[in-house]
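Keep in mind it's a predicted model, so treat the numbers as computed, not measured.
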Amino acid sequence: MPNIVSEAGLQTRAGQWWDSIPFLTSAVVIVCGVIYLICLLIGYDSFYEVCFLPEAIVSHFQVYRIYTSIIFHGSLLHVLFNMLALVPLGSELERIMGSIRLLYTIILLATSNAIFHLIIALVVAHNPFHPFEHLMNECAIGFSGILFSMIVIETSLSGVQSRSVFGLFNVPAKWYAFILLVVFQLLMTNVSLLGHLCGILSGFAYTFGLFNFLIPGPSFYTAIESSSWLASCVRRPKFILCSGGNPSAYIPTYTAQNSSSSALFSGNIWRNLSSWMPQRGTTAQPAQDDPRFPGRGRTLGSVQNTAVNSDSNLQARLLDNSRPTSPSDIAAAGAGERLSNERRLQVNDAVAVGAGGYPLPQMPQVASEEQIQKLLSMGFERTQVEVAIAAADGDLNVAVEILMSQQG
């Protein structure tokens, strides 16, 4: 009987874990796993025909290798390790972006990885000083290049200052991907150093805004989601729409306005580059459009006409400390917002309650410039950012929830 109970509990936990993985992430896991299983059953091991091979792409224009190379894996440990790494990374990004948007991002990253790989291989192999021609014949296979891009993007979005490497030691967040690159290269010498490095470069190019002109607006994803041929997938509970929003998805979203080329290459990229040297610029700038980290269809960074009244009402309630404010007032100010119950409790607890049952007036917490700049880079306006941080008592996550609820 104890064994039966234990097995049932394990199966239940495994089922709950699998059900918690969003649609696209679980689909990638299934596709890669099934492909490896089929190759194992039929004895297929001619990965040289499907891997990313610079010489074959340049000489014979076999561009299909760009995409076949990411879904084939060479061994059981290879596919197992990559899929276990994909589940947390892909799930987090899919809940933020939506299923279709993440699929587009993966295709974009796979293409950019291949372009970086080709350029570096060509330059290094044909340099006049000391050519390394073997790079043109290096066969790269597996999903790990995309994973390194996801690591860079997720680290940039998290806003943390340091990351733990396998729980052994902490490293600065900005160097996390490079440290992993070195560690994996030392532990497993047969991994593709150039493939992983190109994944990191693609991730930084994405976070710095170099791909902004390639990222479509929400209407593109909405049109795909509303198509009849995708209806069966959209109806599945694990499918995440790019529209509708998730209260816990506090990452900035695609804005309604389009950035011009000059703004893209002069302001948007420089602002992100400056965040790594070693802190963001201290000059206050208007919020700029940033399609790199789309949420799930919400339009942030530009105030729509329909949201002006609700925004001004919320600001007035948050800034008015001259009279007692009840928790119900704060709840009314956010009418229509889709905050989770935990976030509501945190926002309500930000107001000090006196002995008589009425909240005591308190001064809003002064936000640091670093906090303000971090939210400004997400596309919010400075006035809204300062008000939201004060209301959230300095908690950035709660502040972003408040800002997103105003746009919801």
Side-chain angles (χ1 to χ4, degrees), residues 24-90 102-103 105-125 132-153 177-178 180-203 205-206:
L24 181 65
T25 303
S26 59
V28 173
V29 172
I30 292 174
V31 168
C32 293
V34 169
I35 288 177
Y36 175 76
L37 183 60
I38 292 175
C39 292
L40 189 64
L41 293 177
I42 67 176
Y44 180 84
D45 58 358
S46 300
F47 299 118
Y48 195 80
E49 300 175 355
V50 295
C51 68
F52 184 85
L53 190 63
E55 182 64 32
I57 296 176
V58 174
S59 301
H60 305 289
F61 201 65
Q62 297 177 351
V63 293
Y64 66 87
R65 293 175 177 270
I66 296 175
Y67 307 105
T68 57
S69 62
I70 67 175
I71 58 177
F72 281 83
H73 292 79
S75 66
L76 177 61
L77 288 179
H78 190 196
V79 66
L80 184 63
F81 186 85
N82 279 355
M83 295 304 102
L84 288 178
L86 171 66
V87 167
L89 285 171
L102 180 60
L103 176 61
T105 302
I106 290 176
I107 296 174
L108 176 63
L109 292 174
T111 305
S112 62
N113 287 0
I115 294 175
F116 283 130
H117 197 139
L118 282 175
I119 293 175
I120 296 176
L122 286 170
V123 171
V124 176
F132 293 87
E133 296 182 357
H134 71 277
L135 288 180
M136 294 297 295
N137 297 309
E138 182 182 81
C139 187
I141 195 171
F143 203 80
S144 53
I146 305 295
L147 291 176
F148 270 89
S149 298
M150 288 184 171
I151 289 173
V152 173
I153 296 172
F178 293 103
L180 288 181
L181 175 68
V182 174
V183 170
F184 285 130
Q185 196 65 34
L186 293 176
L187 295 178
M188 297 170 285
T189 56
N190 62 332
V191 300
S192 175
L193 174 64
L194 184 56
H196 292 170
L197 177 61
C198 292
I200 295 176
L201 295 179
S202 292
Y206 186 93

Task: Atom CG of Leu84: over 12 foreign heavy atoms under 6.0 Å - done: yes

Open item on the list: Looking at Ser202, is its backbone amide N or carbonyl O close enough to the side chain of Ser149 to form a donor-acceptor pair, meaning the two atoms are under 3.5 Å apart?
Closed with: no

Task: Within 6.0 Å of CZ in Phe61, more than 12 heavy atoms from elsewhere - done: no

Open item on the list: Nearest 0.5 Å, please: how far is OG1 in Thr105 from OH in Tyr206?
Closed with: 4.0 Å

Open item on the list: Could you report the tightest heavy-atom contact between Phe184 and Val191, atom names first, then the distance?
Closed with: O-CG2, 4.0 Å

Open item on the list: Could you report the tightest heavy-atom contact between Ala177 and Ile151, atom names first, then the distance?
Closed with: CB-CG2, 4.3 Å

Task: pair His73-Ile35: side-chain heavy atoms closer than 4.5 Å - done: no

Task: Side-chain donor or acceptor of Tyr44 paired with backbone N/O of Ile38 under 3.5 Å - done: no

Task: Under 3.5 Å donor-acceptor, Ser69 side chain and Ala140 backbone - done: no

Open item on the list: Within the 3.5 Å criterion, strictly below it, is a donor on Tyr67 or Thr111 matched to an acceptor on the partner's side chain?
Closed with: yes

Open item on the list: Nearest 0.5 angstrom please: Ile107 CD1 to Ile66 CD1, how far?
Closed with: 12.0 Å

TODO: Kindly say whether the aromatic ring centers of His196 and Phe148 come within a distance under 6.0 Å.
DONE: yes

Task: Interatomic distance, Leu37 atom CG to Ile30 atom CD1 [nearest 0.5 angstrom] - done: 12.5 Å

- [ ] Evaluate the side-chain proximity of Glu138 to His117: yes if any heavy-atom separation is below 4.5 Å, no if none is.
- [x] yes

- [ ] Indicate yes or no: at least one non-hydrogen side-chain atom of Ile70 is less than 4.5 angstrom from one of Asn113.
- [x] no

Task: Closest approach of Ile141 to Cys51 (non-hydrogen atoms, all atoms of both residues) - done: CB-CB, 4.2 Å

Open item on the list: Do Leu194 and Phe116 make a side-chain contact, defined as non-hydrogen atoms from C-beta onward lying under 4.5 Å apart?
Closed with: no

Open item on the list: Restricting to non-hydrogen atoms, name the atom on Met83 and the atom on Phe143 that form the minimum distance, rounded to 0.1 Å.
Closed with: CE-CB, 4.2 Å

Task: Heavy-atom closest pair, residues Val58 and Met136 - done: CG2-CE, 4.2 Å

Open item on the list: I want to check something: taking the side chain as every heavy atom from C-beta on, are Ile120 and Cys198 in contact at a cut-off of under 4.5 Å?
Closed with: yes

- [ ] Would you check if Leu102 and Met150 make a side-chain contact, meaning some heavy-atom pair closer than 4.5 Å?
- [x] yes

- [ ] Write down the atom of Leu181, the atom of Leu193, and the distance for their closest heavy-atom approach.
- [x] CD1-CD1, 3.7 Å

Open item on the list: Can you tell me how far apart CG (Leu147) and CD1 (Ile200) are? Round to the nearest 0.5 Å.
Closed with: 11.5 Å

Task: Nearest-0.5 Å distance that lies between atom CD in Glu55 and atom CD in Gln62 - done: 10.5 Å

Task: Phe81 side, atom CZ; Ser75 side, atom OG - distance, nearest 0.5 Å - done: 11.5 Å

